2 protein chains.
Amino acid sequence: MTGSPGRPSPGQVTIADVARHAGVAASTVSYVLSGKRAISELTRARVLASIRLLGYHPNAGARALASRRANVIALVLPLRSGMQVPVVMQFATAVVTTARRYDHDVLLVTSDEGPAGLRRIAASALVDGVLLMDVELDDARVPLLRELALPSVLIGFPAEATGLTCVDLDFHRAGAACVAHLAGLGHRRVALLGAPAAVYERGTGFAHRTRSGVVEAAELQGVQVVTLPCEEGAADVRRTLTALLAEHPDVSALIVQNEAAVGPVLATLPTLGRQVPRDVSVVAICPDPFAEQSGPMLTSVPVPAEEIGRQAVALLMSKLRDEQVPEATLLQPRLTVRDSTAATPAVHAAGGH
Amino acid sequence: MTGSPGRPSPGQVTIADVARHAGVAASTVSYVLSGKRAISELTRARVLASIRLLGYHPNAGARALASRRANVIALVLPLRSGMQVPVVMQFATAVVTTARRYDHDVLLVTSDEGPAGLRRIAASALVDGVLLMDVELDDARVPLLRELALPSVLIGFPAEATGLTCVDLDFHRAGAACVAHLAGLGHRRVALLGAPAAVYERGTGFAHRTRSGVVEAAELQGVQVVTLPCEEGAADVRRTLTALLAEHPDVSALIVQNEAAVGPVLATLPTLGRQVPRDVSVVAICPDPFAEQSGPMLTSVPVPAEEIGRQAVALLMSKLRDEQVPEATLLQPRLTVRDSTAATPAVHAAGGH
DNA sequence: GACGCTCGTCGAAGCGCTTCGACCGACGAG
DNA sequence: CTCGTCGGTCGAAGCGCTTCGACGAGCGTC
């Protein structure tokens with residue numbers, strides 16, 4: 001019975017078992033499952049019953065080999081330090097959950113395998129498409145992506161994005177929204193505490209775009225703004241804040257775009273003699289849970305990690321079906337007002353000159 | 001040329017291409033790659049050269065089908081809220097990186113697909129083995145794991161762990177180490193600020209084991225200890241701390257096992273009139289980067305997420321090779337002394353009565 | 001000098017699935 | 001009544017790889 005190579009299966013239930021049990025051909029079972037050909041209601045029911053009864057699950061490798069579709073997508077994550085961990089996590093969760101809805105699984109790949117990793121994964125047909133996070137303005141993987149003809153969706157925008165599919169929060173407008181909110185409250189001097197310096201140097205899009213949004217809006221609204229990077233340690237935050245307030249004592253509002261810094265900022269300000277929001281208003285660009293758990297609850301522009309994840313997967317699935325998709329998808333920011341921002345006290349405004 | 005089904009490959013380079021180019025049989029190429037049979041140095045070199053030249057990467061599906069090994073492992077992550085996000089992240093990174101060293105990839109699976117997800121993945125031969133995180137004392141997936149005969153390694157310990165392979169930090173000793181350190185500094189009344197209540201209720205092992213370690217060691221060393229769960233918001237932390245200090249004003253040291261609470265605790269204590277470490281010592285059980293970035297740098301027992309990840313993968317790989325592995329692997333805690341703990345001030349000790 | 005080795009290589013048989021073309025009744029149109 | 005059509009099913013080929021048995025050549029042994 002047993003031919004020599006390709007040893008007999010262990011416990012595995014195969015499509016042949018199902019076919020035999022249901023009294024049909026294997027191809028019929030396949031068509032029942034894929035719906036690619038019409039099957040009579042009767043046959044379909046019998047097959048489905050057999051499948052359930054035998055506990056049949058198609059062998060992924062065989063399916064991938066025959067159909068040239070692995071039903072797996074790769075999620076390429078930074079996983080380097082200094083990144084905004086909770087956002088990444090939320091994002092990953094959303095991606096996995098959404099992918100499952102499309103009957104796909106998710107392969108986790110770290111960026112540090114770099115272009116070679118992408119190439120390997122593409123060439124071995126391990127995955128049908130990739131989701132790239134933490135895209136930099138000048139990203140080494142982008143040219144490769146174009147060359148590979150591997151369906152992909154980027155989270156974030158590289159400098160040259162034509163021909164690619166990118167999704168992201170509109171950080172430019174997010175920055176602008178913060179400024180607008182503060183300006184509306186009467187603030188005329190604000191500071192942007194951004195990502196760590198390394199992130200800017202790396203040319204990471206969201207940091208740059210937020211900054212430009214802030215600067216631009218400030219100009220338009222006649223607000224003076226000073227922008228500076230911000231490291232993540234409590235000690236670093238204190239140092240940065242102290243220096244900032246020494247140099248610009250009349251800054252009455254802070255925009256913070258660094259989750260890890262938000263806590264320390266809120267903790268440090270009072271020790272520097274500034275109550276929030278009485279003396280200084282704070283707006284954050286950070287995930288909602290963060291904003292809701294902080295000292296005074298934070299007025300914030302949430303980073304909709306989940307929504308981005310869902311959209312990214314949906315776009316990728318469309319591409320896998322060879323559908324046309326928009327090149328750029330920019331999610332509109334919404335600013336949620338909470339307890340960390342207030343109107344400039346007239347007293348202060350007068351004393352500030 | 002083109003037979004009807006199994007359409008011609010697109011760009012893919014196959015093993016046949018390599019064989020033709022090198023002037024050998026396909027099987028020889030396969031043996032060069034797998035090393036499962038002796039190959040002359042000459043042939044091996046020629047084949048390797050062809051592989052490199054053509055940019056050949058074996059097709060993952062075909063390989064999996066023929067060899068019954070997917071070279072993929074599943075990483076089952078909690079991805080639910082309330083979990084210690086950075087630890088999970090560090091862990092995932094270590095797993096992916098280590099798995100790659102063993103020439104395996106990692107499939108990301110969320111716990112919320114539950115047992116059905118495991119079953120699906122096992123039956124479809126998508127992965128060769130699984131890594132389970134966030135194992136609970138009474139975990140629904142454990143019985144399934146036994147039934148499935150799917151090689152697995154658990155991070156954490158269920159109540160009944162015989163026959164399984166588990167890895168974790170020895171949280172019992174970690175708790176004890178914190179108490180010993182504090183007792184050595186003269187502290188006689190300490191409090192354990194643990195995980196959120198929900199985590200205890202869920203029966204999560206590490207929380208319970210830490211607590212028992214703390215309580216046991218305290219008893220042995222004649223230290224009085226009060227243990228209480230701790231939520232994650234700044235407001236909640238403040239409430240918890242205020243209540244604690246009101247009820248037990250003579251507590252002179254805190255053990256904190258909740259990364260998200262560490263920041264708020266450090267920020268809140270001074271506002272309650274307690275300087276760290278002058279009036280209150282704080283020991284944390286948390287990842288090192290955290291401890292190093294906090295207000296005063298924290299004396300801590302780091303959770304060696306990376307090490308755990310590496311070990312877990314190594315164990316799983318051994319199991320895949322049908323090697324015998326120990327059932328329990330407990331990593332020994334090391335306590336790093338930093339700036340947040342100090343000897344009880346005699347003054348205080350005197351005034352405390 | 002024949003025998004049995006081992007070493008290095010090849011050919012063929014599948015792994016479990018998808019998919020194409022063929023086929024066979026039933027049915028509506030002419 | 002015949003022909004074309006279409007819905008429903010089957011059989012076979014093949015996806016790209018691994019692995020088993022076979023085999024030829026070279027070599028040491030008695």
Side-chain angles (χ1 to χ4, degrees), chain A residues 1-47 51 54 56-71 123-126 128, chain B residues 1-47 51 54 56-71 123-126 128:
Chain A
M1 187 105 288
T2 301
S4 37
R7 309 88 288 147
S9 335
Q12 253 239 33
V13 181
T14 74
I15 200 172
D17 298 328
V18 175
R20 207 171 306 126
H21 184 270
V24 299
S27 49
T28 302
V29 176
S30 178
Y31 286 125
V32 166
L33 252 21
S34 69
K36 294 195 177 171
R37 282 208 182 167
I39 297 286
S40 70
E41 207 34 69
L42 183 73
T43 310
R44 141 184 249 82
R46 279 228 313 283
V47 169
I51 288 179
L54 302 181
Y56 168 70
H57 286 265
N59 178 295
R63 194 208 271 273
L65 180 56
S67 68
R68 306 180 156 292
R69 309 286 258 84
N71 271 38
S124 66
L126 238 186
D128 304 322
Chain B
M1 186 105 287
T2 300
S4 37
R7 306 86 291 145
S9 335
Q12 253 238 33
V13 181
T14 74
I15 200 172
D17 298 329
V18 175
R20 205 171 307 127
H21 185 270
V24 298
S27 50
T28 302
V29 177
S30 178
Y31 287 124
V32 165
L33 252 21
S34 70
K36 294 195 179 172
R37 282 207 181 167
I39 297 286
S40 71
E41 207 34 69
L42 183 71
T43 309
R44 139 183 253 84
R46 277 228 313 282
V47 169
I51 288 180
L54 302 181
Y56 168 69
H57 286 265
N59 178 295
R63 194 208 272 272
L65 181 56
S67 68
R68 308 181 153 293
R69 309 286 259 81
N71 272 39
S124 66
L126 238 186
D128 303 322

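Order of the sequence lines fixes the chain letters, A, B, ..., with proteins taken first and strands second; residue numbering starts at 1 for each chain. Owing to the predicted nature of the structure, the values given are computational and were not obtained by experimental measurement.
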Chemist: Can you measure A/D17 atom CG to C/dC17 atom P for me and round it to whole angstrom units?
Modeler: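 To the nearest whole Å, that distance equals 9 Å.
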Chemist: Quick one, which residues of residues 20-28 of chain B touch DNA chain D with a heavy atom under 4.0 Å?
Modeler: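 Correct list: B/S27.
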Chemist: Establish whether the base of C/dC20 is bridged to the side chain of A/Y31 by a donor-acceptor pair shorter than 3.5 Å.
Modeler: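 Such a pair exists between side chain and base.
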Chemist: Taking all heavy atoms of A/A62 and all of B/L65, pick out the closest pair and write down the distance.
Modeler: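 Looking at all heavy atoms of both residues, the shortest contact is CB-CD1, 3.6 Å.
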Chemist: Rounded to whole angstroms, how far apart are CG on B/L65 and P on D/dC17?
Modeler: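 Rounded to the whole Å, the gap is 12 Å.
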Chemist: If you look at every heavy atom in A/A70 and A/L126, which pair is closest and at what distance?
Modeler: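 That closest heavy-atom pairing would be CB-O, 3.3 Å.
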Chemist: Considering non-hydrogen atoms only, spot the tightest contact between A/P58 and B/S124 and give its length.
Modeler: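 Smallest interatomic distance, heavy atoms only, reads O-CB, 3.2 Å.
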Chemist: When you measure from the side chain of A/R68, which nucleotide among C/dG16, D/dC15, D/dC17 comes out closest?
Modeler: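 My answer, after comparing the listed nucleotides, is D/dC15.
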Chemist: What are the residues of residues 32-44 of chain A, sorted by number, that bring a heavy atom to within less than 4.0 Å of DNA chain D?
Modeler: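 Close to the strand are A/R37, A/A38, A/I39, A/S40, A/T43.
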Chemist: With each end axis built from five pairs of C1' atoms, what bend angle do you get for the helix from C/dG1-D/dC30 to C/dG30-D/dC1? Round to 10°.
Modeler: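 It comes to 40° between the two terminal axes.
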Chemist: Do you know the tightest heavy-atom contact between A/A125 and B/Q12?
Modeler: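 Nearest heavy atoms, A/A125 then B/Q12: CB-NE2, 4.1 Å.
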Chemist: Has B/S67 got a side-chain N or O lying under 4.0 Å from the OP1 or OP2 atom of D/dT18?
Modeler: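 So the side chain of B/S67 is outside the cut-off, no N or O lying under 4.0 Å from OP1 or OP2 of D/dT18.
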Chemist: Please tell me if the side chains of A/N59 and A/T14 come closer than 4.5 Å, counting only heavy atoms from C-beta onward.
Modeler: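 Of all side-chain heavy-atom pairs linking A/T14 with A/N59, none is under 4.5 Å.
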Chemist: Which whole-number value in Å describes the distance from A/L126 CG to D/dC17 P?
Modeler: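 Interatomic distance, CG of A/L126 to P of D/dC17: 13 Å.
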Chemist: Residues in side-chain hydrogen bond (donor to acceptor under 3.5 Å, both in side chains) with A/H21, at least two apart?
Modeler: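 A/H21 satisfies side-chain hydrogen bond (donor to acceptor under 3.5 Å, both in side chains) with A/S50 once adjacent residues are dropped.
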Chemist: Can you run down the salt bridge (Lys or Arg N to Asp or Glu O under 4.0 Å) pairs that involve residues 12-29 of chain A, sequence neighbours left out, and say none if there aren't any?
Modeler: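 Qualifying pairs, neighbours excluded: A/D17-A/R20.
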Chemist: Would you check if the side chain of B/D128 reaches a backbone N or O of B/R69 as a donor-acceptor pair within less than 3.5 Å?
Modeler: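 Between the backbone of B/R69 and the side chain of B/D128 there is no qualifying donor-acceptor contact (under 3.5 Å).
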Chemist: Would you indicate, yes or no, if C/dT18 has its OP1 or OP2 atom less than 4.0 angstrom from a side-chain nitrogen or oxygen of A/R63?
Modeler: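 Indeed, a polar side-chain atom of A/R63 lies that close.
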Chemist: Could you tell me how far apart B/I15 (CD1) and C/dC10 (P) are, to the nearest whole angstrom?
Modeler: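 Distance check: B/I15 CD1 to C/dC10 P gives 12 Å.
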Chemist: Among pairs that include at least one residue of residues 29-47 of chain B, which meet side-chain hydrogen bond (donor to acceptor under 3.5 Å, both in side chains), considering only residues two or more places apart or in two chains?
Modeler: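 Applying side-chain hydrogen bond (donor to acceptor under 3.5 Å, both in side chains) to every pair that reaches into residues 29-47 of chain B, excluding sequence neighbours, yields B/S40-B/T43.
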Chemist: Answer yes or no: is there a side-chain heavy-atom contact under 4.5 Å between A/I51 and A/L33?
Modeler: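 Contact flag for A/I51/A/L33 side chains = yes.
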Chemist: Between C1' on C/dT18 and CG on A/N71, what's the gap in Å once rounded to a whole number?
Modeler: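 Rounding to the nearest Å, CG of A/N71 and C1' of C/dT18 are 13 Å apart.
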Chemist: What is the distance from CG of B/N59 to C1' of D/dC15, rounded to the nearest Å?
Modeler: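 Atom CG in B/N59 sits about 8 Å away from atom C1' in D/dC15.
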Chemist: Whether the side chain of B/S67 engages the backbone of B/R63 through a donor-acceptor N/O pair (distance < 3.5 Å, no angle test) should be reported.
Modeler: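 Here the side-chain-to-backbone pair exists.
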